[in-house]
Amino acid sequence: MGALNHKLLRDLWRIKGQAGAIALVVAVGVLLLVMMSGMISSLDETRRTYYERYRLADVFAPVVRAPEKMLERLAAIPGVDAVEGRIQGGALVEIAGQDMPVRAQIVSLPPWREPRLNGVYLADGRMPQAGRTEEVLLLRSFAKAHGLTLGDHLSATMHGSRRDFRIVGIAQAPEFLFTIAPGEFVPDDARFAVIWMNQDALEAAYDLKGAFNEALLKLERGAQVEPVLAAADALLDRYGGLGSYALEDQLSNRFLSEEIKGLRTTSSVVPPIFMAVAAFLLYIVVSRMVQSEREQIGLIKAFGYTDWEVSLHYIKLVVAIALFGAALGCAGGVWSGRLLAGVYQAVYHFPFLVFRVEPSSFVSGVAVSVLAAMAGGLLVLRQVFALTPAVAMRPPAPADYSRSGALNARLKRWLDQPSRMVLRRVVRNPGRVFGAVLGIAAGMGLSSAQLTVMSGFDDTLDQTFDVIDRSDVAVTFFEQMPDKTAFALQHLPGVIEVEPTRSVSAVLRHGTESYRGGITGLMPGARLSRAVDADHADIPMPDAGIVLAKALADILKVGPGDQIMVEVLEGRRPVLEVPVARIADTLLGAPAFMKLDVLNRELNEPGRITGAYLRVDAQAYPALFAALKDVPSVAGVSRKSDSRAAMKKLMDSGAGTMRFIMAAIAGIITFGIVYNTARISFGEQARDLASLRVMGFTQGEAAFILLGELAIVVFLAIPLGVAIGYGLSFLVAAGFSTDLYQISTDFKPDTYGLAGGAVVAAAILSGWLVKRDIEKVDLVATLKTRE
Amino acid sequence: MAKDSEPAGQTTFVTRGLTKVYGEGPAAVHALRGVDLEIPKGEIVVLLGPSGSGKSTLLNIIGGLDRATEGDAFFEDQNLSQMSDRELTLYRRDHVGFVFQFYNLMPSLTARENVELVTEIAEDPMDVEKALHLVGLGKRMDHFPAQMSGGEQQRVAIARAIAKNPTVLFCDEPTGALDSTTGRAVLHVINDVNRELGATVMIVTHAAATAQMAHRVINFADGAIRSVEVNDHRVSPDEIEW
């Protein structure tokens, strides 16, 4: 090993504290990069494997009642590889000890064989035996939420008749990663069950002997979805086809896709910020090192080393720090990725998780950190080249402050000498001060953006559950009922107010844009569930036209006055052309609203409803739920507080965890920059400070000069941090907002106050740490050295 | 030209058994081994001796920069060995001026401002311009250190040290980084300060020739005083043979 390399190792050891701090910044950036790209590719890969292994269909085609022979016709559609028909329907499940009935989806299992498509992963127990109509499989997440296990009994009301079942298996399935009750927006393990049972049991219950009500289609590799959807719709139309849809529109899959998309946004925004910060810190530290080693550099050059050899020495130093950080980050990324993958596996109900980090993310992690370090290092090279041996070996001239002269006249009148020292340093190194300001502001912006988004979720909840929906309980019926059914609810115990509603599924189209959703019919003057504008004022339902949620209007790219096509998927399946009347401000889902009787008139079904919102005396819940169990038309009952809790849980888990980690890491990095700024400033001024102390300045007075610069940096960084945070919050919120839910990005002074307060706290802590160093300065030794 | 100013008969410093040990155990280095010394008020005292002989250590302890391991050091009637850090800081602030080999000016302040830095906190400072005139820098007061030669910077350092009207002026190798002409000019300034302000001046140096301007010369070796000579034939710095 050459002498310079020895020097390299010793230098690294000498600056180990600062090198370690910078390596840590690099490591955090690489860690995030590796962890997030690892998470993303693992989720992608796991989903792909899971879907493939259990043969998840590419196309779902619900229908009212189609004869089994139609399956052959569907299989003959060009591009279709496999077809399965099944029966599925809604039911109400009674759970011992629960006052409220729980909605369930019942899915048929073919007799004597495995399902050709949409297979089931048996986590525990066995499949129901052919011919045993009382044996069922229960979805694992639901079983877990209610503590149900093998051998337990369930009672379910299907199509008005109650039957008892025995759980023989606990199952998971790729189509039910997220389970969402019809008409609800929020997945909730506890409030929606999936039950598999033998097909013959279902045929009897739903009167579908020799028929199916959902066709599943698997496409050949590379086949186009659109033509298949059209062909399937054409074939099933006369049997009451409800509109086929592709996997990408399947609700559970959509939730997962949106989560992955959110992760992707974050991973493209955050790690680069860390890398830039690391590059900046490296530049400052190495630049300072070259300054203090100018004599050595001169000497080495005098011995005959070339500029490049000397430069290479410093480049190696920088790269060594970067590589160390990158290695740490890669290892940490895999470790934390695995840890987080466990969390995600639980949240998304994967039976297994393929944790995989693309080798490319290691490569890009290492490459990015080395490049960032080199960017910092290359600027320093200029200094190395500029030093001739003769110049280098003379003591350095004092730093030249004469150019800050313009400031002088004004300074004189206002400031004492210590303040002038602080201000001149800032004026002399504007680039560096700007770098520190930017670094701190970026860190602060990052954490405040994450905090804004986190509290934006709370706004989403507040707006959805306090402003828009003011009911206590929502009741849905199995099918559309005469509106007097709703008013019958008025007589149930504890019911204060009833507001009927109707929802129909529909595809909304405008130009080439389309959205598969639904239309909600609202009573005139609806009070319990309503559409509101941006000021939270009621939007009265128009006599003509439709009111679209903002998210839906964005998807369809329409505004008030535009005409849209509505293909209703129920009843006589009319295709309506309606003008957009207003845009409603909603943060959950992407609903569309019409006046109830206008909707009914369009459907040619006057006086029909599908559900009702209730305002209820809280004392009467148990009695009300008991009574509702005995109303045969009721398909589901949901309590608003449960929906809200489920939503909150959804937002806190998964992506919420990530946001929390991000905010925490951003806080740490902000502290890192603040602390480094203080340290570097201390390193540069140690001699001046020692001189001041010798001249009789107290520690406090000396600290003022040292920390004054930090104070200015922090003072400048905070407003910039607010601006960056505000901008980033839009980016992050947009990344996480979907038609399933949107995140409000209103300016929230408290989150910025919190982030700014954290920066100030970091500055105070750093100041305190560095001030301790002032106390430890060896006055004598510092003065004897020549800088 | 020898000009004798009579010592006032009082002492500025008295040390008794002053000992300084760096490190512990077998690695311990005895920088001072029980030094007893009296420095009369108003004298120029030159401390001579090879590197590591203990002269700088002594200067640091009586200058309030360092503490003795054992023994006492009195400034007038105050025992420096018993002072807290804060008291030592105030001692330096009110009584002591320092001049260093490498000047130690604040690069971000002009000559005038460097001096003001001290006068702003001193109890009874002299006029800043007067201090700079004293060192012959009346015309370069608004220059930054980067715009000055080494000799000029050292003179600013001296102006800064004397502007507080110090009781004692400590100079650690004040000419160490200067050529002989400039060095002589700096010594001249130090001599004037002693004469005009009556400050006790202590100079640590390798340059034995400096001793020619001292009232008293203390020779150091191995952490102890080898000899103390009273110089009856002081010469002006201009006449010092280098």
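Each chain gets a letter, A, B and so on, in the order the sequences are listed, and its residues count up from 1.
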Crowding at CD, Glu196(B) (>12 non-hydrogen neighbours, <6.0 Å): yes

May I have the step-by-step check of side chain to side chain contact (heavy atoms under 4.5 Å, CB included) for Gln417(A) and Val118(B), ending in yes or no? CA-CA 9 Å; Gln417(A) 307 307 329; Val118(B) 168; over 6 Å; no

At a 4.5 Å cut-off on heavy atoms, which part of Leu692(A) comes close to chain B: side chain, backbone, both, or neither? both

If you measure only the distance, is there a donor-acceptor pair under 3.5 Å linking the side chains of Arg693(A) and Thr89(B)? yes

If you round to the nearest 0.5 Å, how far is CZ of Arg425(A) from OG of Ser108(B)? 8.0 Å

Distance-only criterion, 3.5 Å: show the donor-acceptor pairs between side-chain atoms of residues 218-225 of chain B and protein atoms not counting sequence neighbours.
unit_1    : atom_1 : unit_2    : atom_2 : d
Asn219(B) : ND2    : Ser227(B) : OG     : 3.1
Asn219(B) : ND2    : Glu229(B) : OE2    : 3.0

Test side chain to side chain contact (heavy atoms under 4.5 Å, CB included) on Met106(B) and Arg420(A) and set out the steps. CA-CA 11 Å; Met106(B) 302 295 132; Arg420(A) 286 185 210 184; over 6 Å; no

May I ask you to list the residues in residues 119-136 of chain B that approach chain A closer than 4.5 angstrom, counting heavy atoms only, ordered by number? Glu120(B), Ile121(B)

Counting heavy atoms not belonging to Tyr22(B), are there more than 12 under 6.0 Å from its OH? yes

According to the side chain to side chain donor-acceptor pair (under 3.5 Å) rule, which pairs have a member within residues 694-707 of chain A, sequence neighbours left out? Thr698(A)-Glu701(A), Glu701(A)-Arg93(B)

Of all of Met148(B), His143(B), Arg160(B), which one pairs up most often with chain A through heavy atoms under 4.5 Å apart? Arg160(B)

Review item, side-chain donor-acceptor pairs of residues 69-76 of chain B, under 3.5 Å, at least two apart:
unit_1   : atom_1 : unit_2   : atom_2 : d
Thr69(B) : OG1    : Val21(B) : N      : 2.7
Asp72(B) : OD1    : Asn79(B) : ND2    : 3.0
Glu76(B) : OE2    : Lys41(B) : NZ     : 3.0

Interatomic distance, CG@Asn114(B) vs CE@Met695(A), rounded to 0.5 Å, equals 7.0 Å

Side chain / backbone / both / neither for Leu105(B) at chain A, heavy atoms under 4.5 Å: backbone

Just verifying a value: how many Å separate Phe98(B) CZ and Ser691(A) OG, rounded to the nearest 0.5 Å? 11.0 Å

